[in-house]
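One structure is given here, and the rest of the page talks about it.
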Amino acid sequence: MKLKFPLHFQILLALVAGILFGIFFPHHVIYISWMGDVFIRALKMIIIPLVLSSIITGVTSIGNAENLGRLGLKTFAYYTVTSLLAILTGLFFVNVLKPGVGADLGLVKEVNNLQMLNDSFGQILIKIIPTNIFQAFAENSMLSVIFFAILFGFFITRVKDKSKKILTEFFEGLFDVMMKLTFFIIGFAPFGVFGIVARQVSESGNIIELAKSMSIYMLAVMLALGVHGIITLPLITRYIGKVNPLKHFKSVTTPLLTAWSTSSSSATLPLTMQAVEENGGVSNKISSFTLPLGATVNMNGTALYECIAAIFIAQAYGIDLSFGQQVIVVFTALLASVGAAGIPMAGLVMITVILSAVGLPLEGVGLILSVDRILDMFRTAINVWGDTCGAVIIAKSEGEKLKV
Ligand code: ASP
């Protein structure tokens, strides 16, 4: 029998080892910090193709489903509204708890010359349109890449059948490969975490302060996830869907626990569909449309996490984001959650989208990397919870007789 130590335990172990190494051998950190650099470089390597293929596939599946008319529209509205509510909840908690404010985490403070930070809101909007899409790829201009991907995906659904089929299948294939590649890279996360944490601890003169900031950051994410999952979604299910949220919850506990333990909406999908259909009584027509789409496009937990993490990183760099920039964060967090694949730690990769959109250093990812895998379990459970609530609400609104 092959004994396998789950990735999240490996990362937890690496986290503890990194902290101890940073405390006891600060002068030797130089010999191991390269592991962190290698890991961050590998993450950066996959961003553009992953985001591009994920968004194009998402948009084409929504666009192709337009034939489903009313159902497509309802699903789209549900995804947008709940994701935005989730992000606003995250925005609230990160602004109230301020996990990164005033903490000396040993981060470089020279961020003044970052272009986006100096741009006005209007200029940021104009610059979303790339003058050269290849330059946008090369410079990691995520908003431009997303803008292009959305348009490209949309127009794939508007061309003649032969071209549509070739391109849809091509991008689905590309997305599959990128998911596998991401999975592969994430497998090295324990080494990355070890290298990065050891360096952070050795550089941030004050380990207690680092631990305090990280704990408040985690608390902000957990509170926001809690409010969204326990209050917002059940209220919507109750009053808009006219479905009993408690009964519905009981019918989907298996997929929720699976989501929590695998940190993958996509891996959980078969169980989600089975629970929603068999225990909830939702028709296959609705579940087979809303749930596979929801597993990659609708991620409430990831959306609010993106917002909190990006603002936390800004705070840790000593940057006060203006109102306009926070609006950009909200907007990009929504896109990042749509672009995130339903696999472990995909949300971490997508943080770079927001960081580059508001002009923060991509290295900021290193700060949140160490605890990402733990938060991932909870946000994935909320992602799947959001998908199932959507499925029953939409089924009920279509006049289906449910068991919940
Ligand atoms: N693991 C999440 C999911 O599969 C995505 C993320 O990393 O936020 O739903």
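Ligands are counted one by one from 1 in listed order, and the atoms in each one are counted from 1 as well. Computed over heavy atoms, backbone and side chain alike; hydrogens, waters and symmetry mates excluded.
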Enclosure of [X] [atom1] (heavy-atom neighbours >12, cutoff 6.0 Å):
X      : atom1 : result
Ile30  : CD1   : no
Phe137 : CZ    : yes
Asp320 : CG    : no

Tell me the protein heavy atom at minimum distance from atom 2 (C) of ligand 1, and give that distance in Å.
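Scanning the protein heavy atoms, the shortest distance from atom 2 (C) of ligand 1 goes to Thr380 OG1, 3.3 Å.
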
For atom 1 (N) of ligand 1, which protein heavy atom lies nearest, and how many Å away is it?
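Nearest neighbour among protein heavy atoms for atom 1 (N) of ligand 1, to 0.1 Å: Asp376 OD1, 2.8 Å.
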
With a 4.0 Å heavy-atom cut-off (strictly under), which part of [X] contacts ligand 1: side chain, backbone, both or neither?
X      : answer
Met345 : backbone
Ser265 : both
Ala259 : neither
Ile343 : backbone

May I ask whether Ala267 places a heavy atom under 4.0 Å from ligand 1?
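No heavy atom of Ala267 comes that close to ligand 1.
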
Using heavy atoms and a 4.0 Å limit, tell me yes or no: is Ser263 in contact with ligand 1?
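Under 4.0 Å: yes for Ser263.
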
Can you confirm if the aromatic rings of Phe191 and Phe39 lie within a centre distance of less than 6.0 Å?
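No.
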
Under 6.0 Å between ring centres: does that hold for Phe171 and Phe152?
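Yes: the rings meet the under 6.0 Å criterion.
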
